[in-house]
Amino acid sequence: MPSSSLPNQLFELLAEPFTAERLFDGLHDTVYFIKNADGHYVVVNETLVQRCGLKQKSQLIGRTSEQILRAPFGAIFTAQDRAVLRSGKPLEAQLELHLYASRDVGWCLTNKYPLRGRQGESVGVVGISRDLGRPNKSSDDYQSVAKAVAFAERYRDKPTSVTEMAEVANLSRFQLDRRMRIAFGLNTGQWLLKQRIDFACEHLETTQLPIVEIAHESGYADQSAFTRQFRRATGLSPSQYRKAKQDNEL
């Protein structure tokens, strides 16, 4: 019997579709959802409910991100969904700073995949966003990249490259990436991006420095490149982020 036919044979025996909802209910560091082609939540886990500041899944089912999350975040997530549906291509390992109605704020990696209909068309989206945990600094993998991490943090205002970090750690780029993933849950490029955005957020919140100066201090050669990456990661422009923090909206 071909192994490719086994999943279909099993799923045909199920009394109801398997959505993995119960499995993801037990993961408190992961948001999980399924949406239909119109962007309505069809399946959600308890973590998403809590972070939206709600009490029951029924308060999310049948509603869109824009109806649940304050602007502009709901619209941003909807645009992501539409891009996945339109292209039929997944969104993988998207590094994002999430700001929820429950006031939970944190970095996560988001993955979204199209759900296929019987004719091959995209009929929905399934996705997860996993929180980034703190690294275990006593681990061997962390210690092997510690010098490179310290180097990048010390020269944060310089456009540090992955190659430079690999040289400092005395590792190949591949070795550095593998150990950074184990230690931080990110590849080296993603870790560098996170460090720059974290630094920029801190200065946007606590200083009145011009945005162009913060861009340079964060290691960006020009303000436009900084603004693009900042918006992609947070959903806001640097000026919008600063104003939202000043108005206590975040």
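Quick note: residue numbers are just sequence positions, from 1.
- Inter-residue side-chain proximity for Phe226 and Ile211 is flagged as met; some heavy-atom pair is nearer than 4.5 Å.
- Put simply, CD on Glu46 and CZ on Arg22 are 12.0 Å apart, with the number rounded to the nearest 0.5 Å.
- Note that the CD atom of Glu92 and the NZ atom of Lys112 stand 13.5 Å from one another [nearest 0.5 Å].
- Of all the heavy atoms in Arg196 and Ser218, the pair that sits closest is CG-O, 3.1 Å.
- Under a hydrophobic-cluster definition in which Ile, Leu, Val, Met, Phe, Trp and Tyr are linked whenever side-chain heavy atoms come within less than 4.5 Å, directly or via other members, Ile68 and Ile128 are assigned to different clusters.
- Trp191 places a side-chain heavy atom less than 4.5 Å from the side chain of Met165.
- Both Leu69 and Val31 belong to a common hydrophobic cluster when Ile, Leu, Val, Met, Phe, Trp and Tyr are linked at side-chain heavy-atom distances under 4.5 angstrom.
- The closest side-chain donor-acceptor pair between Glu164 and Tyr155, if any, does not fall under 3.5 angstrom.
- Inter-residue side-chain proximity for Leu27 and Thr47 is flagged as unmet; no heavy-atom pair is nearer than 4.5 Å.
- Counting all heavy atoms, side chain and backbone alike, Ala169 lies closest to Leu176 at CB-CD1, 4.4 Å.
- The shortest side-chain heavy-atom distance between Phe77 and Thr110 does not fall under the 4.5 Å cut-off.
- Arg242 and Gln208 are not linked by any side-chain donor-acceptor pair at a separation below 3.5 angstrom, with hydrogens and angles left out of the test.
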*Hey, mind stepping through Ser65 and Lys35 against side chain to side chain contact (heavy atoms under 4.5 Å, CB included) and telling me if it holds?*
CA-CA 10 Å; Ser65 297; Lys35 297 179 183 180; 2.7 Å; yes
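- Nearest approach of Ala183 to Pro135, heavy atoms of both residues: O-CB, 3.1 Å.
- No donor-acceptor contact under 3.5 angstrom links the side chains of Glu21 and Tyr32, judged on distance only.
- Under a cut-off of 6.0 angstrom, the local environment of CZ in Arg116 is crowded, with over 12 non-hydrogen atoms contributed by other residues, nucleotides or ligands.
- Under the 30°/60° scheme for interplanar angles, the aromatic rings of Phe18 and Phe11 are found to lie parallel.
- Note: Phe33 and Tyr41 have perpendicular aromatic rings, judged against thresholds of 30 and 60 degrees for the angle between ring planes.
- Ser161 and Thr163 form no side-chain donor-acceptor contact under 3.5 Å, judged by distance and modelled atom types alone.
- No more than 12 heavy atoms of other residues, nucleotides or ligands shown are found within 6.0 angstrom of CG on Asn170.
- Asp141 and Ser139 share no side-chain donor-acceptor pair at under 3.5 Å.
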